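Each remark here refers to the structure printed beneath this line.
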Amino acid sequence: MKAFPILAGGTGMVLVGGSVAVSGHLADAPDLTVQALRYGVACLLLLAWARRTRTALHRPRGREWLWLLGVTGAGLLVFNIALVHGARHAEPAVLGVAVACVPILLAVGGPWLTGHAPAARVLFAAGVVTLGAILVEGLGRADGAGVLWAVVTFACEALFTLLAIPVLGRHGPLGVSVHATWLATVLFGVFGVLIEGPAAVLRLHLDDVLAGAYLAVAVTAVAFLLWYTCVARLGPGRAGLLTGVAPVSAALTGMALGGPAPRPLVWLGIATVAAGLALGLTTHRRTPAGPDRAARSEQDLTVESELEPGTGAGGGAGGVARSGRGSAERPGCGRRRSYRRRNLILGQARSAGSRL
């Protein structure tokens, strides 16, 4: 397993997890307007990066519009709405647990979209990572509406990755990120004007602008590009395991910013997430049996040709004569004779070994 896509996905999730503390500063800000500005700035940064790296950006065509609108509408707009409304009916831990279950859905849905069966090793690792993330997040209370919004949050978080798979091949991580951010700018901008009003931008304070700027640069422009690079290289199943890094990053970031040290159960969850990542992101290489047997058979034939006079490259007329005789014999006789010679050679080798 190559290290770069793992580092890319892990870094993206660290940035996402660390944004939890920053997002708290936007609790009283006009959310839709802030999100529109966030994605607009991120889109400009991604376009500048595409120009600097001379990466060609393609215009969506046909069904690609539907996939990209799904990524933006479900993965960004509805996800944000679900978080806002869910927080009114459920404790943050409930929504966190919902997001923590995403690795299992990605381990199943990702291969299904590409026409493959889920890998048992990755599926089991996703369960381990999910368990660890739940231990880190803890459990909370919620009413019926809170549970419903938690389910919506879970689905939208998974769709942000799954719906991008069909377009990653043609557009690449940078292209998908650019299209997702400009579409999000339009959607959040329209809903922001309709719900919060055109003057909502004037109600922003300095800390709102700074928090939004961090979200635009680190959590959107950088994290989106890193995440989709990871998904394109590893596939959604293995990449989904790295979502377990986000709650770990949130817990450690909170402690680094002066919060209380994590409880023992949280440390157990962190260790469980690490174990799941090690299980799912490492590969167990096995030597194929077919080539092995072929190599042994070739070696046996070489030994026979060296021990039997007149065979092989320098066998001369004797080798030709035996070759002609073998072609005239009944099928299977040559094979039995070869087995007898091989057994004789092995017996002589054992005798020599016992004498030594």
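All values reported here derive from a predicted model rather than from experimental measurement.
- A heavy-atom distance below 4.5 Å is not found between the side chains of Ile81 and Phe191.
- Side chains of Leu268 and Val136 form no contact here, defined as non-hydrogen atoms less than 4.5 Å apart.
- In Arg170, the CZ atom is crowded: over 12 heavy atoms of neighbouring residues, nucleotides or ligands sit closer than 6.0 Å.
- Taking 4.5 Å as the limit, every side-chain heavy atom of Pro5 sits out of range of all side-chain heavy atoms of Thr229.
- Among residues two or more places apart in sequence or in another chain, the side-chain contact (heavy atoms from CB on, under 4.5 Å) test is passed with Val190 by Val186, Leu194.
- Inter-residue side-chain proximity for Val201 and Leu37 is flagged as met; some heavy-atom pair is nearer than 4.5 Å.
- Within a 6.0 Å sphere centred on NE2 of His58, heavy atoms belonging to other residues, nucleotides or ligands number more than 12.
- A heavy-atom distance below 4.5 Å is not found between the side chains of Arg38 and Val217.
- In Trp65, the CH2 atom is crowded: over 12 heavy atoms of neighbouring residues, nucleotides or ligands sit closer than 6.0 Å.
- Leu168 is not connected to Phe4 by any chain of hydrophobic side-chain contacts under 4.5 Å among Ile, Leu, Val, Met, Phe, Trp and Tyr, and they are in different clusters.
- Using a 4.5 Å heavy-atom cutoff, the side chains of Leu77 and Thr72 are not in contact.
- Val78 and Val219 fall within the same hydrophobic cluster, defined by Ile, Leu, Val, Met, Phe, Trp and Tyr side-chain heavy atoms under 4.5 Å apart, directly or through other members.
- In this structure, the side chain of Arg121 engages the main chain of Leu279 through a donor-acceptor pair within 3.5 Å.
- Between Val16 and Ser249, every side-chain heavy-atom pair lies at or beyond the 4.5 Å cut-off.
- Note: the hydrophobic cluster containing Leu187 also contains Leu159 (ILVMFWY, side chain heavy atoms under 4.5 Å, direct or indirect links).
- Between His179 and His171, the two ring planes are perpendicular [angle over 60°; tilted spans 30° to 60°].
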(request) Check the pair Asn80, Asp31 against side-chain contact (heavy atoms from CB on, under 4.5 Å), reporting the backbone distance first and the verdict last. (result) CA-CA 9 Å; Asn80 183 266; Asp31 183 66; 2.5 Å; yes
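- Of all non-hydrogen atoms in Leu57 and Gly175, the two that sit nearest each other are CD2-CA, 3.9 Å.
- Remark: side-chain polar atoms of Glu196 are paired, donor with acceptor, to backbone N or O of Leu32 under 3.5 angstrom.
- The side-chain contact (heavy atoms from CB on, under 4.5 Å) test applied to Val222 returns Leu15, Leu226, not counting sequence neighbours.
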(message) Would Phe224 and Val176 count as a side-chain contact (heavy atoms from CB on, under 4.5 Å) here? Give the steps.
(response) CA-CA 9 Å; Phe224 277 27; Val176 172; over 6 Å; no
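- Gln35 contributes atom CD, which lies 5.0 Å from atom OH of Tyr39 (distance to the nearest 0.5 angstrom).
- Of all the heavy atoms in Ala133 and Val273, the pair that sits closest is N-CG2, 3.6 Å.
- Taking CZ of Arg238 as the start and CG of Leu277 as the end, the distance is 12.5 Å to the nearest 0.5 Å.
- Closest heavy-atom contact between Ala98 and Ala150: CB-O, 3.2 Å.
- Atom-to-atom distance recorded for Thr55:OG1 and Leu46:CG is 11.0 Å, nearest 0.5 angstrom.
- Among residues two or more places apart in sequence or in another chain, the ring pair (Phe, Tyr, Trp, His ring centres under 6.0 Å) test is passed with Trp227 by none.
- Annotation for Leu162 and Gly110: closest pair CD2-N, 3.6 Å, computed over non-hydrogen atoms.
- When every heavy atom of Leu204 is checked against every heavy atom of Ala29, the shortest pair comes out as CD2-CB, 4.3 Å.
- Under the 6.0 Å cut-off for aromatic ring centres, Tyr228 and Phe160 qualify, their centroids lying closer than that.
- Interatomic distance, OG1 of Thr130 versus CG of Leu135, reported as 11.0 Å (0.5 Å rounding).
- Side-chain heavy atoms closer than 4.5 Å link hydrophobic residues (I, L, V, M, F, W, Y) into clusters, and following such links, even through other members, never connects Leu131 to Val122.
- Minimum heavy-atom separation, Ala275 to Val128: C-CG1, 4.5 Å.
- Phe154 is not listed as a side-chain neighbour of Val99, based on a closest heavy-atom distance of 4.5 Å or more.
- Distance CG/Leu242 to CG/Leu234: 7.0 Å, rounded to 0.5 Å.
- Interatomic distance, CG of Leu148 versus CG of Asp143, reported as 10.0 Å (0.5 Å rounding).
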(request) Begin from the C-alpha positions of Thr272 and Val129 and carry the test side-chain contact (heavy atoms from CB on, under 4.5 Å) through to its verdict. (result) CA-CA 7 Å; Thr272 305; Val129 170; over 6 Å; no
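- In terms of hydrophobic clustering, with Ile, Leu, Val, Met, Phe, Trp and Tyr side chains grouped at heavy-atom distances under 4.5 Å, Val102 and Leu123 are assigned to different clusters.
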